[in-house]
There are 2 protein chains.
Amino acid sequence: MARRDRPATMEDVASLAGVSRALVSIVYRDAPGASEATRARVLAAGTKLGYRPDHRARLLGRTRTRLLGVTFDVRQPFHGDLVESLYTAAESAGYELALSAVAPTRDEPRAIQSLLDYRCEALILLGPMLAPSALASLAADQPVIVVARKVSAAGVDVVRTDDTAGARLATEHLIGLGHTEIAHIDGARSPGATDRRASYRTTMRRAGLTPLVIPAGPTENDGALAAKQLLDTHPTVTAVFTFNDRSAVGFLDTVRQSRQVPTELSVIGYDDTTIAALSHINLTTIAQNTPALADQALQQAHSRTTTSDHTTPTPIAPRLVRRTTTGPRL
Amino acid sequence: MARRDRPATMEDVASLAGVSRALVSIVYRDAPGASEATRARVLAAGTKLGYRPDHRARLLGRTRTRLLGVTFDVRQPFHGDLVESLYTAAESAGYELALSAVAPTRDEPRAIQSLLDYRCEALILLGPMLAPSALASLAADQPVIVVARKVSAAGVDVVRTDDTAGARLATEHLIGLGHTEIAHIDGARSPGATDRRASYRTTMRRAGLTPLVIPAGPTENDGALAAKQLLDTHPTVTAVFTFNDRSAVGFLDTVRQSRQVPTELSVIGYDDTTIAALSHINLTTIAQNTPALADQALQQAHSRTTTSDHTTPTPIAPRLVRRTTTGPRL
DNA sequence: GTGAAAGCGCTAACAA
DNA sequence: TTGTTAGCGCTTTCAC
């Protein structure tokens with residue numbers, strides 16, 4: 001099969017349909033100003049030629065590009081879920097997405113720069129590690145929406161889950177099951193960790209219980225190490241609330257070598273990532289409402305790029321997902 | 001801080017530096033035809049204005065866009081690794097990447113279409129599930145490079161790991177440790193599964209051993225289910241080669257409840273994804289050479305889009321990564 | 001070494 | 001309802 005030397009252009013369609021380029025443009029933008037008959041004729045010609053408007057050219061001539069730049073971390077399953085929801089939200093809001101990945105050898109500034117070169121209307125950053133000052137200076141040039149990280153920077157909108165509510169939900173779930181010695185496996189400096197830790201402490205104290213925070217981090221490894229430490233130093237603990245699902249998985253892996261879950265030890269995670277739902281893990285966890293986060297991010301981007309009135313986003317409520325790693329204290 | 005109403009344009013830089021736009025273009029493209037002095041002056045002006053060339057406009061005017069479209073699956077950690085390597089390879093080859101995600105609610109044709117609208121020079125598809133006929137018809141319009149899936153379709157280049165060698169490596173590793181009853185947890189219809197299964201069988205027979213294939217699939221769940229079945233029906237097996245790391249993890253999770261690894265049972269995975277290296281998993285596995293795959297993909301894209309002579313890619317050699325889930329038969 | 005001018009494929013304001 | 005005409009911000013050819 002011979003490779004076409006160049007994709008069909010608007011001009012090609014116009015001449016085939018016997019109309020001007022402007023008409024073709026109107027038809028393909030679904031803009032008013034073309035009769036049904038012409039519309040059909042143009043569309044037929046376009047289909048015949050396999051015509052698809054050139055996106056770059058289209059953006060170039062337009063005042064509003066309706067292009068949103070998104071940075072995400074390839075190693076974060078949660079970011080994958082968010083990206084998916086963002087596509088859905090973007091489509092229904094009439095926006096396009098430009099993706100730029102962050103990875104060990106490709107840092108955030110890098111990923112952002114490449115987005116800027118595409119003249120995105122706004123930047124949606126998933127769990128960025130950038131300093132607030134850097135975020136603020138970015139926001140000076142175009143709207144910046146930070147998702148899943150609580151930062152306060154001038155002109156930056158923050159879309160996130162209400163982690164205080166989430167941690168309360170998790171802790172109260174364990175308390176409700178009759179547990180009294182409940183530990184929290186900490187997330188260190190990860191996005192959300194501060195709120196979850198504080199809320200865990202508050203909820204424990206309010207119930208007349210003593211909080212116990214084990215320093216750890218956001219990875220499976222951190223959870224595994226914390227497990228060893230907890231079993232050694234606090235063997236009487238009967239329930240654990242981990243920073244996230246990943247640390248929960250590492251924690252479980254280690255702890256199961258000497259304890260039965262949930263009969264001897266209950267474990268609850270956070271995020272409800274795909275891994276939590278796997279049948280052999282079946283982790284009780286706190287689910288972030290990804291579609292709602294995505295919708296809100298798009299709403300922010302939209303209101304910031306238009307004159308429509310802008311409202312500060314409110315944190316989104318998480319919900320408890322009961323599975324089989326938590327149970328009553330025996 | 002006031003938001004700049006529009007990014008600096010080439011015109012702005014030109015007038016600040018007191019030269020023509022063409023000069024600015026030359027300088028920013030690193031093209032010959034400008035004196036050192038002018039170059040410095042232009043660059044200074046550009047920096048002062050925070051100028052960055054508009055990528056869309058740049059591509060529009062150019063004959064070659066040097067833009068490569070990449071589709072990947074957000075749920076595949078291995079794709080994340082590949083994307084990272086592709087960025088590196090693209091940069092050194094002077095190409096740009098346009099990413100398009102595949103997800104449960106966003107299918108492959110969809111992801112590909114959006115790439116086509118950007119007039120990418122070539123398409124790099126990571127583990128696509130598209131039918132060979134669909135791939136071939138795509139390849140009629142622009143070069144298509146399929147990564148990590150063995151397909152044969154007209155005009156489509158396939159860049160992949162030598163799975164026959166990989167499975168042999170895995171099987172021989174277990175045989176070398178003295179195991180004789182070695183099972184393979186199958187990958188069903190996943191990319192690579194056929195080769196790995198066949199090579200496992202051949203290697204076993206050559207060593208005078210009887211192959212045992214347990215039907216499963218590519219996910220943690222599949223591995224977990226296969227583990228149950230294996231323990232029930234073939235309790236004398238002392239070593240297992242799983243289709244990939246994910247199924248290995250599910251397998252391990254289940255099997256560890258009744259067996260010691262590696263003393264009673266050895267397990268080897270495939271892919272060397274990030275999860276395999278986690279200290280609490282520490283999975284012996286077959287590593288795919290991601291950077292080499294990415295380099296080869298870029299090389300193919302390059303030779304297909306230029307007149308440089310095109311060679312059919314050769315499968316890339318994997319290597320054994322010894323960790324702690326395999327050990328001698330006791 | 002430098003600049004003028006045409007054009008990439010589209011959008012948009014306006015005239016017919 | 002339709003066509004004309006200017007751009008959008010850059011690259012590129014060709015004179016100077």
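In what follows, chains are A, B, ... by sequence order, proteins preceding strands, each numbered from 1.
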| request: Measure from CZ on B/R52 to P on D/dC10 and round the result to the nearest Å. | output: 12 Å
| Taking only residues two or more places apart in sequence, or in another chain, which ones meet A/A57 in a side-chain contact (heavy atoms from CB on, under 4.5 Å)? | A/D54, B/L60
| query | Between D/dG9 atom C1' and B/R29 atom CZ, what is the distance in whole Å? | reply | 13 Å
| query | Under the ring-ring contact (aromatic ring centres under 6.0 Å, His included) test, which residues partner B/Y28, sequence neighbours left out? | reply | B/Y51
| task | Name the closest nucleotide to the B/R58 side chain, picking from D/dG9, C/dC10, D/dC10. | result | D/dC10
| task | Please check if any side-chain donor atom of A/R106 sits under 3.5 Å from a side-chain acceptor atom of A/S100, or the reverse. | result | yes
| remark: Taken in chain and number order and not counting sequence neighbours, the residues that satisfy side-chain hydrogen bond (donor to acceptor under 3.5 Å, both in side chains) with A/E91 are B/R110
| Please give, in whole Å, the distance from C/dG9 P to A/Y28 OH? | 16 Å
| query | With a 4.0 Å cut-off on heavy atoms, is B/R56 in touch with a base, just the backbone sugar-phosphate, or nothing at all? | reply | nothing
| field | B/R119 CZ - C/dC8 P separation (whole Å) | value | 14 Å
| task | Check the side chains of A/S35 and A/T38 for a donor-acceptor pair under 3.5 angstrom, ignoring hydrogens and angles. | result | yes
| task | Please state how far atom CG in A/D54 lies from atom P in C/dC10, giving the value in whole angstrom units. | result | 6 Å
| query | Can you name the salt bridge (Lys or Arg N to Asp or Glu O under 4.0 Å) partners of B/R62, sequence neighbours left out? | reply | none
| Is the shortest side-chain N/O distance from B/Y51 to OP1 or OP2 of D/dC10 below 4.0 Å? | yes
| message | Going by side-chain hydrogen bond (donor to acceptor under 3.5 Å, both in side chains), name the pairs with one or both residues in residues 119-130 of chain B, residues two or more places apart or in two chains. | response | B/R64-B/E121
| message | What is the separation between atom CZ on A/R66 and atom P on C/dC10, rounded to the nearest whole Å? | response | 20 Å
| message | Is there a side-chain contact between A/S25 and the phosphate of C/dC10, meaning an N or O under 4.0 Å from OP1 or OP2? | response | no
| request: Name all residues meeting the side-chain contact (heavy atoms from CB on, under 4.5 Å) criterion together with B/A292; count only those two or more places apart in sequence or in a different chain, and write none if there are none. | output: B/N289, B/I316
| If we fit an axis to the first five pairs and another to the last five of the helix from C/dG1-D/dC16 to C/dA16-D/dT1, what angle do they make, to the nearest 10°? | 40°
| Contacts of type side-chain hydrogen bond (donor to acceptor under 3.5 Å, both in side chains), residue A/T105, not counting sequence neighbours | B/E84
| query | Taking only side-chain nitrogens and oxygens of A/T9, does any of them come within less than 4.0 Å of OP1 or OP2 of C/dC8? | reply | no
| request: Send over the distance from B/R64 CZ to D/dT11 P, rounded to a whole Å. | output: 15 Å
| How about B/S25 and B/R29: does a side-chain donor come under 3.5 Å of a side-chain acceptor? | yes
Is there any protein nitrogen or oxygen under 3.5 Å from a nitrogen or oxygen in nucleotides 3-5 of chain D, and what are the pairs?
{"unit_1": "D/dG3", "atom_1": "OP2", "unit_2": "A/S20", "atom_2": "N", "d": "3.1"}

| task | Look at B/R62 and D/dT11 and indicate whether a side-chain polar atom (N or O) is within less than 4.0 Å of OP1 or OP2. | result | no
| field | Contacting residues from residues 32-41 of chain B, given that a heavy atom lies under 4.0 angstrom of DNA chain D | value | none
| request: Please report, rounded to the nearest Å, how far the P atom of D/dT12 is from the CG atom of B/L59. | output: 11 Å
| remark: A/T274 meets the side-chain hydrogen bond (donor to acceptor under 3.5 Å, both in side chains) criterion, sequence neighbours left out, with none
| Considering residues at least two apart in sequence or located in another chain, which fulfil the ring-ring contact (aromatic ring centres under 6.0 Å, His included) criterion with A/Y95? | A/H302
